[in-house]
Amino acid sequence: MTDSEKNSGSTGGSVPETQSSSKILGDSLFDVPRMGAEVGYEEASDDDIPPFRTSGVVCLILGMLSFAATVAWQMLILPLAAIGFGVFALRRWSGQRPAGTTVAVIGLLLACGFGAAGVTIPMAKRKTMGDQGVYFAKEYLKLVGRGDYELALELRKEARNRQVSEMNLQKAYAEDPVARESMETVTESGLVESVKQAGPDIPWELAEPPRVFVKYNNERVDTYWVDPTGKVKDKIQVLMQWTPSEKTGKGEWHVNLFQVARELLVAPSVL
């Protein structure tokens, strides 16, 4: 056998090996290879790739953004939307578990947690504000019952406008013409006089549940009181306002309104 024949035979023997390798690796560059235990690489079909659910990713994003619901109740729309996308992402499937369902579960947990906090935190705050407003309103009624008009007038002011704690209030109001005029107005009030006549030991009772609301960015608690002993005939309205302190950052209460409760007149409807 000549050298050319040997070279020809060697070249001819290499062709089937190349074709076999091409068949194993696949004819397309876009085929997805899969490692086999015995045969090496083989093509993966579309059935081997799990479907992807974008709604699960959207649920996760909205779930993380649901933290805003703890700051403003209007943002409760975010956890509600996240729950909607999460339920849609976790709908029934056949075959392999779709991709995106795990993040949907995480998004649902975040949305439920932040959503619950967004509901309970404002409720707890309203309950705390209401209890404090009721307490200070009742203490103010006792203060007026003791006849301590100077301090009662000071509590009608915001904290930044009050006299310093070391000040002799009786002397200050006696020497200041404007303060003396305010004192005379208070002492001439029929409501103040009737509360003073009843005394500080009246067991004041709430005529109705306190109303907590926000007006002009200020927290307010509206309370209505009655005297169960009957010494004070009128129902009294004490409107408390909570204002954050500019120096300490803590809240300060003051009496925004102290008067006889007025019934709102509603015109009868015409049928």
Side-chain angles (χ1 to χ4, degrees), residues 67-76 114-167 169 172-173 176 178-179 182-183 185-186 189 191-192 194-196 198 200 202-227 232 234-264:
F67 176 77
T70 62
V71 180
W73 66 268
Q74 294 88 345
M75 293 294 102
L76 286 173
F114 289 137
V119 173
T120 56
I121 289 177
M123 292 178 61
K125 180 182 178 182
R126 289 176 63 87
K127 179 68 168 57
T128 302
M129 295 293 292
D131 292 344
Q132 290 185 7
V134 168
Y135 171 78
F136 287 114
K138 191 172 185 179
E139 290 298 310
Y140 186 79
L141 286 169
K142 294 180 179 179
L143 180 67
V144 176
R146 290 198 301 266
D148 197 347
Y149 299 138
E150 294 83 5
L151 183 55
L153 279 174
E154 286 296 302
L155 294 178
R156 295 288 298 272
K157 306 175 184 177
E158 295 186 10
R160 62 176 179 267
N161 298 326
R162 295 172 186 167
Q163 301 286 350
V164 295
S165 57
E166 295 82 7
M167 176 69 69
L169 293 180
Y173 273 82
D176 187 351
V178 177
S182 300
M183 176 65 65
T185 303
V186 169
S189 172
L191 173 61
V192 173
S194 63
V195 173
K196 182 179 180 300
I202 297 298
W204 295 99
E205 295 180 354
L206 284 171
E208 56 189 68
R211 185 170 66 94
V212 182
F213 63 99
V214 178
K215 187 175 183 179
Y216 304 128
N217 294 326
N218 292 318
E219 302 279 352
R220 295 185 177 184
V221 181
D222 199 6
T223 62
Y224 293 86
W225 301 87
V226 293
D227 177 13
V232 180
D234 299 315
K235 182 168 69 172
I236 301 176
Q237 178 186 11
V238 184
L239 178 61
M240 303 297 300
Q241 178 171 310
W242 184 87
T243 306
S245 174
E246 297 176 354
K247 297 181 179 179
T248 63
K250 298 181 179 179
E252 300 283 352
W253 288 96
H254 76 274
V255 180
N256 185 267
L257 192 63
F258 178 69
Q259 65 180 15
V260 175
R262 300 173 181 175
E263 300 293 339
L264 297 178

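Note that the coordinates shown come from a computational prediction; the quantities given were computed from them, not determined experimentally.
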Inset, instruction - List the steps, then state whether side chain to side chain contact (heavy atoms under 4.5 Å, CB included) holds for Met240 with Val255. - result: CA-CA 5 Å; Met240 303 297 300; Val255 180; 3.8 Å; yes
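- Nearest approach of Ala117 to Pro122, heavy atoms of both residues: O-CD, 4.0 Å.
- Summarising the local packing, CZ of Phe213 is surrounded by more than 12 heavy atoms from other residues, nucleotides or ligands at distances under 6.0 Å.
- Counting non-hydrogen atoms of other residues, nucleotides and ligands closer than 6.0 Å to OH of Tyr224 gives a total above 12.
- In this structure, CH2 on Trp242 lies 9.5 Å from CD on Glu252, to the nearest 0.5 angstrom.
- In this structure, the side chains of Phe258 and Leu141 come closer than 4.5 Å at one or more pairs of heavy atoms.
- Between the OG1 atom in Thr70 and the CD1 atom in Ile121 there is a gap of 5.5 Å [rounded to 0.5 Å].
- In terms of heavy-atom proximity, Val232 sits nearest to Ser194 at CG2-O, 3.9 Å.
- Nearest heavy-atom pair across Ala207 and Lys235 is CB-CD, 3.5 Å.
- Using a 4.5 Å cut-off on side-chain heavy atoms (C-beta onward), His254 and Tyr140 make no contact.
- Distance check, rounded to the nearest 0.5 Å: CG of Leu257 to CD of Gln237 gives 5.0 Å.
- Between Val226 and Trp204 the shortest heavy-atom distance is O-CE3, 3.5 Å.
- In terms of heavy-atom proximity, Pro210 sits nearest to Thr223 at CB-CG2, 4.1 Å.
- Taking CD of Glu219 as the reference point, atom CH2 of Trp253 lies at 8.0 Å (rounded to 0.5 Å).
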Legend entry - Phe136/Val238 under side chain to side chain contact (heavy atoms under 4.5 Å, CB included): CA gap, chis, key distance, verdict: CA-CA 10 Å; Phe136 287 114; Val238 184; over 6 Å; no
Legend entry - Test log, rule side chain to side chain contact (heavy atoms under 4.5 Å, CB included), inputs Trp73 and Met123: CA-CA 11 Å; Trp73 66 268; Met123 292 178 61; over 6 Å; no
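- Checked by atom type and distance alone, the side chain of Arg126 pairs as donor or acceptor with a backbone atom of Val212 at under 3.5 Å.
- For the pair Val195/Ile236, a side-chain contact is recorded, criterion being any heavy-atom separation below 4.5 Å from C-beta on.
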